[in-house]
Amino acid sequence: MGIFKKKEKQEARNNTVTENKELKDDISKAYDELVASVNNEASEETKEAQKENSLNLEMELLKSKIGEFKEKKTQESLFDMLKMLPGKEFLLPSVSNVKEPFENVDGKMQLKNGAVLNPALLTAQDKKIFLPIFTDEKSMTQKSPSGIVLRFRFEQCIEIVMNKENPVGAMVINPFSENMILGEDLLKMAFKKTEKN
């Protein structure tokens, strides 16, 4: 009888050890998943911050290349600046056909039906019309007329200038600082773009 009780106690202890081991494994798995999700969130934030820093550095380099061209006025310095433009995203102030273009729908801001946002344009004293594009928010000394800043790739900006339905004759990078004007003829020649109807 003593042996039977000892055996029962041994089995109970073995069951407890097994349950404790399973519980530890479950806790360990849960901990690993929690740490992995936190690391993923942190790494996403880190990646986003690194991407932002990289873009800022590229735009600073572009501004310095514009400065070099304005100083030297050589074909080589122009080429160095132009080859940095493709693929870059620029900020464009916008105008809207309505005073308040957005509405709150289920806690999310959405463009109202019938509201349209278009890039704002600059008109010079000689009546030439320019598409202003900005490398960063710092370069935008004035607020966007609609309160909304658009992001366009350089190629999209070229399409606006080349579209004959638009009154735009050139684009200007950072009109209040670098003031780098890229006319239609230069864009056609440098980027092999043709006019669109």
Side-chain angles (χ1 to χ4, degrees), residues 48 51-70 73-102 109-197:
E48 199 61 38
K51 182 181 174 186
E52 190 68 30
N53 286 340
S54 174
L55 292 174
N56 289 341
L57 288 173
E58 286 179 17
M59 287 305 192
E60 288 303 316
L61 183 58
L62 172 60
K63 288 196 276 188
S64 75
K65 292 291 184 187
I66 292 171
E68 279 180 36
F69 167 70
K70 291 205 161 234
K73 300 238 190 266
T74 64
Q75 191 171 356
E76 187 180 333
S77 61
L78 177 63
F79 178 73
D80 284 346
M81 185 268 301
L82 291 174
K83 71 181 181 183
M84 293 193 68
L85 296 171
K88 297 283 184 299
E89 272 193 358
F90 289 87
L91 303 177
L92 286 75
S94 68
V95 292
S96 178
N97 61 337
V98 294
K99 188 173 180 176
E100 294 291 327
F102 287 92
M109 296 304 284
Q110 292 183 347
L111 197 62
K112 287 180 181 175
N113 280 342
V116 178
L117 291 172
N118 286 311
L121 303 175
L122 288 177
T123 305
Q125 288 179 345
D126 62 0
K127 305 293 185 213
K128 284 186 182 173
I129 299 175
F130 297 90
L131 174 69
I133 64 175
F134 296 87
T135 54
D136 50 39
E137 287 183 25
K138 237 182 354 185
S139 302
M140 296 178 74
T141 58
Q142 299 174 352
K143 288 186 178 180
S144 178
S146 71
I148 306 298
V149 176
L150 306 172
R151 282 184 181 271
F152 278 38
R153 283 188 338 277
F154 181 70
E155 291 76 9
Q156 292 171 300
C157 298
I158 291 177
E159 288 175 16
I160 293 170
V161 174
M162 294 300 172
N163 188 335
K164 282 300 169 192
E165 292 179 13
N166 292 327
V168 180
M171 72 174 78
V172 56
I173 302 172
N174 296 343
F176 309 118
S177 51
E178 282 73 23
N179 196 30
M180 181 68 211
I181 296 171
L182 303 174
E184 202 174 337
D185 292 338
L186 175 63
L187 293 171
K188 281 182 199 173
M189 184 184 70
F191 299 102
K192 308 282 189 265
K193 294 290 179 183
T194 55
E195 296 168 358
K196 290 185 178 179
N197 294 326

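Numbering of residues begins at 1 and proceeds along the displayed sequence. Given the structure is predicted, the values throughout are model-derived calculations rather than measurements.
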Which residues share a side chain to side chain donor-acceptor pair (under 3.5 Å) with S144, sequence neighbours left out: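 By the side chain to side chain donor-acceptor pair (under 3.5 Å) rule, S144 matches no residue at all.
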
query: Can you list the residues that meet the side chain to side chain donor-acceptor pair (under 3.5 Å) rule with D136, with sequence neighbours excluded?
result: K63, S139

For [X] versus [Y], what's the shortest heavy-atom pair and its separation?
X: L111; Y: F102; value: N-CD2, 3.5 Å
X: G87; Y: E155; value: N-OE2, 2.8 Å
X: A120; Y: V95; value: CB-CG1, 4.0 Å
X: F134; Y: P132; value: CE1-CB, 3.9 Å
X: I160; Y: P119; value: CD1-CG, 3.9 Å
X: E89; Y: M59; value: O-CE, 3.0 Å

query: Just how far is it from atom CE of M189 to atom CD of E184, taken to the nearest 0.5 Å?
result: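 Spacing of CE (M189) from CD (E184) equals 13.5 Å.
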
Straight-line distance of N118 CG to N97 CG, nearest 0.5 Å: 8.0 Å

Is it true that a side-chain atom of [X] and a backbone atom of [Y] form a donor plus acceptor pair closer than 3.5 Å?
X: K70; Y: E178; value: yes
X: N166; Y: E159; value: no
X: S94; Y: S146; value: no
X: K112; Y: E100; value: yes

Contacts of type salt bridge (Lys or Arg N to Asp or Glu O under 4.0 Å), residue K127, not counting sequence neighbours: none

Under 4.5 Å between any side-chain heavy atoms of [X] and [Y], yes or no?
X: L57; Y: E60; answer: no
X: N174; Y: I66; answer: no
X: L131; Y: L121; answer: yes
X: K128; Y: T123; answer: no
X: I148; Y: S96; answer: no

Qualifying residues under side chain to side chain contact (heavy atoms under 4.5 Å, CB included), relative to [X], sequence neighbours excluded:
X: Q110; result: V105
X: D185; result: K188
X: M84; result: L61, L62, K65
X: Q142; result: F176

Stepwise side chain to side chain contact (heavy atoms under 4.5 Å, CB included) test for L78 and L186: CA-CA 11 Å; L78 177 63; L186 175 63; 4.2 Å; yes

statement: Contacts of F154 meeting ring-ring contact (aromatic ring centres under 6.0 Å, His included) (sequence neighbours excluded), chain-then-number -> F191

Trace of the side chain to side chain contact (heavy atoms under 4.5 Å, CB included) decision for C157 with L182: CA-CA 11 Å; C157 298; L182 303 174; over 6 Å; no

- request: Give every residue pair that meets the ring pair (Phe, Tyr, Trp, His ring centres under 6.0 Å) criterion with at least one member in residues 79-99, sequence neighbours excluded.
  value: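 Every candidate ring pair (Phe, Tyr, Trp, His ring centres under 6.0 Å) pair involving residues 79-99 fails, so no pair, neighbours aside, qualifies.
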
query: For N113, does the CG atom have more than 12 heavy-atom neighbours from other residues, nucleotides or ligands under 6.0 Å away?
result: no

- prompt: Can F152 and I133 be said to form a side chain to side chain contact (heavy atoms under 4.5 Å, CB included), step by step?
  reply: CA-CA 9 Å; F152 278 38; I133 64 175; over 6 Å; no

message: Under the side chain to side chain donor-acceptor pair (under 3.5 Å) definition, can you give me all pairs with a residue in residues 74-84, not counting sequence neighbours?
response: T74-S77

field: Verdict with supporting geometry, I158 and M171, side chain to side chain contact (heavy atoms under 4.5 Å, CB included)
entry: CA-CA 8 Å; I158 291 177; M171 72 174 78; 3.9 Å; yes

